[in-house]
Structures are given as structure tokens and as C-alpha cells.
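Contents: one structure, followed by commentary.
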Amino acid sequence: MIDYLSKLNKQQYEAATTIEGPLLILAGAGSGKTGTMTHRIAYMVKDCNISPYSILAVTFTNKAAKEMRERVENLVGNIQGMWIQTFHSCCLRILRMDGDRLGYGNNFVVYDPVDQKSIVKNLCKERNLDEKRFAPAYVLSEISKAKEAEISPEAYARRKGGLEQFQVIYQLYDAYEKQLKKNNAMDFDDLILNTVRLFEMDEEVLLKYQNRFKYIMVDEYQDTNMLQYKLIKMLGEAHGNVCVVGDDDQSIYQWRGADIRNILEFEKDFKGAKVVKLEENYRSTGNIIAAAHSVISRNTQRKDKKLWTRAEDGEKIEYYRAESDYDEARYVADKIKELMRKNESLKYSDFAILYRTNVQSRRFEECFGKKGMPYQVLSGLRFFDRKEIKDLMCYMRLVDNPKDDVSLLRVINEPKRGVGAKTVESIQAVAKTTEMSMLEAMTLPEVMDGLSAKASQAVGEFAALINSLAIEKDNMSVADVYDTLLVRSGYVKALEEQDTVENESRIENLLEFKSVIEEKAKDAENAGEVLTLASFMESLALVADVDNHNPDEEAVVLMTMHSAKGLEFPVVFMPGMETGIFPSYRSIDREDGIEEERRLCYVGMTRAKQRLFMTSAETRMLYGKTDFTTESQFLKEIDRKYMTGNAVYEKKNQGMSQARYSPVTTYSKGTYVSPIAQLEAVRKAAAPPKETLAKSDVQPGDLVEHVKFGKGTVIELKGNIVTVMFEEFGVKKMARDMAPLKKL
DNA sequence: GACATATCTAAAGCC
DNA sequence: TAGATATGTC
């Protein structure tokens, strides 16, 4: 009678039709998790007469939220009033509506990690702190950890005791919080933390949301942290209709603060919880599932469950021990060609190479490039983290809010316009005494008079550009503001002047960004609105995924196992199965570290639908040094029955490489010298003397030779830069800084 | 202030 | 090795 549910298996059906009370859905890899969740929502609306308005579904990524929204819409049609959101966007919405009680203006801005870093950097500079001991990344991770545990700066100071190190961090944490408050800004952690605070402080607000969201669903529950757990707990307490979906075996983000106890102890936290296990896998062959199980079952901290499949056993997993990292890449490339020859239905995009660290992509890129095989690398760097995008966003943010000193600092000398540290300091000093924003302060005579002609002109033009746009912004489209900034800031011109491949791609990215603006403008138009600069900035605050994996592109996919979570490919390669790489050397001395690596291995293996290949290399170049390697323990953990290949790992492996993973700490004259620095020093002493080439010695077209890079051709001379293209790099790369060059 | 050179360091990345 | 950042030089 309910035909849209007829495609579900028994467990899926049970999960989708259990609506009242706490429910834990343990959804194994490839078990039809998203389908079950969307059908559950459809069932609520269509068969239980639950208003979409009462439903809250929370995910971690925009992509997941978008996919869920689309699939639910397909099933039930209009879902107006339903919240399908990421944790952060959900909290942002709540805080915009009801956050005034916390003392923030409701137009607060959201600072991303780049902003956070620049604030901490400035705080360190003001205090003249050692930038090694108090690296921004370290300070921020302490701050973030504290916030996730709801530890205030004062509590942090008390808890960490009197150690000077932590006293300083306390001071920074405290100053950081004050600055954010002063700037009317929140960071990502604050979005969750402040929502929890709001609920704790104002019962009325909490009640409002408890009454509204009578049915709550949480995706990827194994990835929640303490604060997110608390948020859900508070919202769900009144009615207990909390359904969480996840897989403890796929918890691979503990290093990012995820607390696996949330899923392991759900039944304790939510009394009377029902548990449904989705254990039938619809993705992979029998051998792949069995092999993956033989690995993951070694973990001690996990819920008891076992994936199974009706599919055939399929081919065994193939293992190849390559001679070197070069040979490893060659093997993979040849294998892909061979498989495509044998099976005409296979396309390049059916193959994925899933590695542990991003640097591993390099060998594959070189090899694929040489063989003319198409590939796409999904790197860790997100579109909106790219420098040029971030720069332009800061320009726009500054126009939108001229008081935003954080953004101003970022772009005041970007592109280089002759406004250096000295000038910036003098502006900051005046801004502080007059309590003005830097933009206001920079045109005052007391600043201008102290500047050189060049600097004062640059400062004047910069201020005029921002101020005029700030006045005109409401009469202009966002795209026009953007174009004006691109041109009048001189940003594009600066990129064009230095004609390198990198800059070309920067310009491409800036164009891509414009199409993002135009897209948003169109969306707004369709909704009968006009896109304002403010709403555009707002919509970007929590968005990051413009360059996600594009399955339609005819290319082999290269990415980390982390980013492959949730995806699937007919053929998967897992290279670098070596101790130190996978499992990572940073994790091998802790059992919980190894367990997380093992889960990652499980995630990688279960991405494969038909074929799975694992490889390792006897020698690998790492950090500029070639070393012998030891095979990963995970290879040994796979039951022999499911695997073939030239495995040599049963032989005793002489642990030649062990030394490099347990670096010796050496102290000389009280200063620490890292082992890598020591090696570098030795190598440098042994290096041949440099032959320096003056710019006047060559002209474009000349053949030159570099000690390390080999032969190349001079492309151009500009300023003091000699740009040489080296044969070995092909057309793709150019190099600068060519001091040790010999003319041929 | 801008560019050149030296030095250091190296995991994964959601919002 | 290669990128990011600190330091040095013009």
C-alpha cells in the first residue's frame, strides 16, 4: 500500500517507519543510508501527517544537506518549513533570529579560519611572543578545544594550572574572545557554542525550538562533538524523537574533535532507544566486503555488526609491491589501461586512487601526465580558501562593513601598492587612540602627513575606492561591485603583469567566483528578491564546496581516503600501504590512533564496487630523501583468502626504515635541531659549489642547466627574476629563483 | 618597501 | 622535495 517504501529491505523499512522515540540507525558502508533517511522523512510527512515544519534534519556538509533536500523533495514534493541544514547553518539561523540576548548585534559576521589566524597572529605580535612556541595554528587549536568543551578563558587558566605556557594561551584566548565580541563576530565554534548558551540561558527560546522541532534527525552521528551532542540533546529532551544515523566504523574525524562515545553510548544517553542495524551492503563484491571486515573486526572499540552482501565474491583484491614510488604509479597507470582494454564499458572516471596524504598525488600526476591519461586531483585546498578568492571576499566584506579591520588588514597591500608594515602600524596607532576604524583613520591628516608621497597616494586611493563603493553598493549589483573591485584595486592587473601558470589559474578562479555571484543573483531573482552584498556575504559564510568531485568529468579521480568518504567507484587503488604512511607515523604509538587509521582503511576499501588494488613501494622518496619502507600492518590483517599478488610481507622485513619514524632529538648548545634540519645541513655541505648566473648573462631562448632540475630554456627576464622552463617539468611548471644556473 | 635568499618543516579538512 | 616564512639586501 505504501509503494514508495516497497524498495526498502526489512531493516531499512523498520528504520524508516520508526518515528516516535529515540532511534539509532547503525548504517554500514553502502547500506542505503541516505535512501533510508529520506524515506523516513517522506513517511513522516505522507503517512503520519507530520508537518514538514516540525522536522529538523542535521548534516555535516552542505553537500549532504543539499542531496538530502533534493531527494526528500523528489519523494514528497513541497517541503516548505522543513529544516534540512548543516549544524552550523542551523545554529546561524537560530542565532540570527534569537541571538540578541547574547549581546551580539543580529548582523554579526562569521569569521572563518583565515580570519581567526590573522587575529591570533596580530595578538601574538602585539605581545612580542615567540612565533614558534605560540604558532597561531597551535593557539587556535587550544582555543577551539576549549570552546568545544565549554571552557571559558578563565576556566582554561584555572584548569591548566600555573604553567607559563598556558597562562600565555589564556591571555590570547581571552583577548581573542574580546576582539571577536568587539567586532561583532563569531567563529565557527561560536555558532554552536552560542546556540547552546542561548538555550541554557533562555528557557523560552529553548521551548520555542523544542516545540517546533518535534522530530529530529542527525546524519553522520559518529562525527558529532560534545557541543553538537549537547545541542541535539537539549532540543530533543522534551519529546525524545531523536533519530541518529551513523557508523562507528567510519568514524575518521576524531582528530577534528568528533567524539565516538556519542554514538557508542547513544542508548545510555537516550533512554528507551531502539537500535536498527543496516548490514546489507549494496555496493561491493563479496571479497571486498569480507576483506574489509577482516580488517575492521580487529578494532576493540566498536559496535558489534557485520556487513554482508548478496553479490558474488568477484575478483580477489590485488596487491602489488612496487620497487619504488615511481614504479607504483606506473603500475597503477598500466593497470588502468589494461582494465579499460579488457572491459570497454570502463571509463577513466570509474577509477579512483585513494591515498593517505595529499603529497602522494604527485607521482601519479607526473606519470599520468606523461602517459596522457586524464586525471583530476581533489586537493585539500577548498575554493574559498584560495588566496585570490579570499582576498576578493575581504574586499567585498570591507565594502559591506567598512569597520571590518580584519579584512582591511588583509587587502590593504594586496596587490602590492606600497603600503608596508610601517604605514599599517601608523594607521593602527591612530585608529586606536581615536577609536575609529582603520578605514576612517587612514585618511586623517595625522596619518597622511607622516607618509611618503607614494604611500599616501596609495592609501588615499584605497580609501576612496572602498568608501565610494560602500556608498553606492545598494545601487549596484553585487557583480558590479565585484568587477569594480577587481579592476580598480589593480588586482587583476597585478596578476596579468606576472604571466605565470599559477596566475592564469588565479584569474580563472576569479572568473569562476563571478559566476558564483551570478548564480546567487539568479537564485535571489527567482525568489523575487534582489541579491544584496550583505546577503551574498552571508550566504558564503558557511559554504565551501564549489569544487567537489565531479563524477561527469572523464578523468581518473585522485583524492585522500578522508575525502572519499561517502563516495563509491567501480575500481579503487589504495597506494602507499606502508608503515609510517598508512598507518601514519603520527598515529603508530597510540592504540586509539591505530584504530582510527584502521577505520580509515575500512572506509577506503569499502569505496570499491568491483575491484580493489593495494600497493606499496620498497623505496619511497619522502621529504627529498629516498628510504626503504615496511609494509603496512593492514595488509597482514586482510585474510589471505581474499587477496592475491606478489606479497612479500610474510618474509621477515628488515626494519631499515624504522629509524626515520622515530626521529632522534638532538640538542646542541641548548638549541633544538630537528633531524630533518641536520640531514639538510649534511647534504648542503656535500653539495657542489653554486654557479650563479646573472640576469645579464642570458636572454630568452638560452639553454641553461640547473644543478638539480637539469636542462631548461630561459623564458623571460623580468625584474630580477629569470624564468626558466625545465624539460622535466613539461609545460606545466616554471621555476624562479635560479641562482645555481649554468649557461650551456 | 620590494625582492632575493636562507631556513624550516612535513596528516587528514567538515562548517 | 617543495612550500611557507624569516631574514637580508638594495
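Chain letters run A, B, ... following the sequence lines, proteins first and then strands; every chain starts at 1.
Considering only side-chain N and O atoms, A/Asn62 lies under 4.0 angstrom from the phosphate OP1 or OP2 of B/dC15. Look at A/Thr423 and you'll find a side-chain N or O under 4.0 angstrom from OP1 or OP2 of B/dG1. Here A/Thr560 reaches the OP1 or OP2 of B/dG13: one of its side-chain N or O atoms lies under 4.0 Å away. Applying the 4.0 Å criterion to OP1 and OP2 of B/dA11, one finds that A/Arg356 has every side-chain N and O outside that range. Neither OP1 nor OP2 of B/dA12 sits under 4.0 Å from any side-chain N or O of A/Tyr253.
Closest heavy-atom contact between A/Asp223 and A/Ala258: O-CB, 3.4 Å.
Taking 4.0 Å as the cut-off between side-chain N and carboxylate O, A/Arg362 and A/Glu365 do not count as a salt-bridged pair. Ion pairing of A/Asp327 with A/Arg363 is absent here, as no side-chain N (NZ or NE/NH1/NH2) approaches a carboxylate O to less than 4.0 Å. No salt bridge links A/Glu388 with A/Lys390; every basic N to acidic carboxylate O contact stays at or beyond 4.0 Å. Salt bridge annotation for A/Asp115-A/Lys117: absent, with no cationic side-chain nitrogen under 4.0 angstrom from a carboxylate oxygen.
Backbone-only contact: A/Asn358 has heavy atoms under 4.0 Å from sugar-phosphate atoms and none from a base. Residue contacts shown for A/Val419 are limited to sugar-phosphate atoms, with no base heavy atom under 4.0 Å away. Note on A/Asn413: only backbone sugar-phosphate atoms sit closer than 4.0 angstrom, heavy atoms only; bases stay farther off. At the heavy-atom level, A/Phe188 lies under 4.0 Å from base atoms of the strands shown. Here A/Ser563 lies in heavy-atom contact (under 4.0 Å) with sugar-phosphate atoms only. If you check every strand for non-hydrogen atoms under 4.0 Å, A/Glu597 touches a base. Among the heavy atoms of the strands lying under 4.0 Å from A/Lys416 are primed sugar atoms or P, OP1, OP2 only; no base atom is included.
A/Tyr491 is linked by a ring-ring contact (aromatic ring centres under 6.0 Å, His included) to nothing, counting only residues two or more places apart in sequence or in another chain. Take A/Val419 and apply the side-chain contact (heavy atoms from CB on, under 4.5 Å) test, not counting sequence neighbours, and it matches A/Ile412, A/Asn413, A/Arg417, A/Thr423, A/Val424, A/Ala458, A/Val459.
The aromatic ring of A/Trp255 does not sit over the base of B/dA11, since the test of centres under 5.5 Å and planes under 30° is not met.
Taking atom C1' on both C/dA6 and B/dA11, the two are 25 Å apart, rounded to the nearest angstrom.
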Restricting both atoms to N or O, compile the protein contacts to nucleotides 4-7 of chain C shorter than 3.5 Å, with distance only.
from	atom 1	to	atom 2	distance (Å)
C/dA6	OP1	A/Glu131	OE1	2.9

